[in-house]
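Being a predicted model, the structure only gives us computed values, none of them experimental. Note that ligands are numbered from 1 as they come in the structure, with each ligand's atoms numbered from 1 the same way.
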Amino acid sequence: MDFKSNIIVEKLPKHIAIIMDGNGRWAKNQGLLRVKGHERGTKAVRDTVEGCAELGVKNLTLYAFSTENWNRPKLEVQTLMKLLVSSLKKEIKTLQENKIKLQAIGCIENLPSKARKELSEVMSKTARNTHMTLTLALSYGSREEIIQVVKKISDKVKNNIIDSESIDESTINKHLYTQNLPDVDMMIRTSGEQRISNFLLWQMAYAELYFTDVLWPDFRKENLFEAIYEYQKRERRFGKTSEQL
Ligand code: IPE
Ligand code: IPE
Ligand code: MG
């Protein structure tokens, strides 16, 4: 089936978040080192970003490295950081051609200085692009993010900048790393795992969850189009009844 031509442009998800999982298993299946799986994963990233840009999806957030991933073997962490730097250098062209703005969320200060430098360069070069926003979650953990929010808001309450009685959902939204992004409409996770792994817990409160067995290095535009096609078949009720919609 040609999923792409069956996608309704007016009903595109405004924000897609992806847990790019399965690089290690992909490599193992090929008899390769895990690192090779991460390398091949960058192809899937490019294809997915281009697919979103082609359709006109406004916001794509990719989970690239979690706060928990720091607990992986040192060599794997180092390789992932190097891969981040080399991908940023390589992909700047794709970002500019597709008018994509790059931003990052997470404990960016914990990244190695080379990665921080490359990130800030690409972010400033692409800052004025408006076709799409690509957000990389790096050293990101949703609980860590929420802790930051609580600290910032309680500081403001203490200094009488915010009245605690006035705290509502929008107060929280404004203090999240994702403050400039709409809620996640669809979350895709590859590799068959069906869990959230500390990703965008608040932002995904009403997201449609889509799980596929495809391993991330094998994920292509067609898989993305299929996911969006499936998303558009779902009825999002937000607590209401079907008849009310
Ligand atoms: C996802 O693939 C990439 C990162 C978490 C950085 P994995 O490395 O988790 O691959 P599996 O789950 O071991 O197959
Ligand atoms: C989640 O994948 C993090 C990223 C994709 C960056 P993991 O492979 O680390 O997740 P768990 O630990 O298996 O849940
Ligand atoms: Mg994994």
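Between F65 and W70, the ring planes are perpendicular. Angles over 60° get that label, and only those under 30° would be called parallel.
For the pair D155 and K152, the salt-bridge criterion is not met [side-chain N within less than 4.0 Å of a carboxylate O]. The existence of a salt bridge linking K114 and E118 is excluded, since no basic side-chain nitrogen approaches an acidic carboxylate oxygen closer than 4.0 Å. Residues R234 and E230 are not paired through a salt bridge, judged by the lack of any N-O separation under 4.0 Å between the basic side chain and the carboxylate.
Within a 6.0 Å sphere centred on NZ of K36, heavy atoms belonging to other residues, nucleotides or ligands number 12 at most. The number of heavy-atom neighbours closer than 6.0 Å to CD of E165, taken from other residues, nucleotides and ligands shown, is 12 or below. Within a 6.0 Å radius of CD in E169, no more than 12 heavy atoms belonging to other residues, nucleotides or ligands are found.
The backbone N or O of S197 sits less than 3.5 Å from a side-chain atom of Y63, completing a donor-acceptor pair.
Residue contact check: H38 has heavy atoms under 4.0 Å from atoms 3 (C), 8 (O) of ligand 1.
The closest side-chain heavy-atom distance from V45 to L62 is below 4.5 Å.
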Pairwise, report which nitrogen or oxygen atoms of ligand 2 are under 3.5 angstrom from protein nitrogen or oxygen atoms, and how far apart they are.
residue	atom	partner	partner atom	Å
ligand 2	8 (O)	D21	OD1	3.1
ligand 2	8 (O)	R72	NH2	3.4
ligand 2	9 (O)	N69	ND2	2.9
ligand 2	9 (O)	R72	NH2	3.3
ligand 2	10 (O)	R189	NH2	3.2
ligand 2	13 (O)	R195	NH2	2.8
ligand 2	14 (O)	R195	NE	2.7
ligand 2	14 (O)	S197	OG	2.6

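With waters left out, the protein N, O or S atoms under 2.8 Å from the Mg ion (ligand 3) add up to 1.
Centroid-to-centroid, the aromatic rings of Y231 and Y210 stay 6.0 Å apart or farther.
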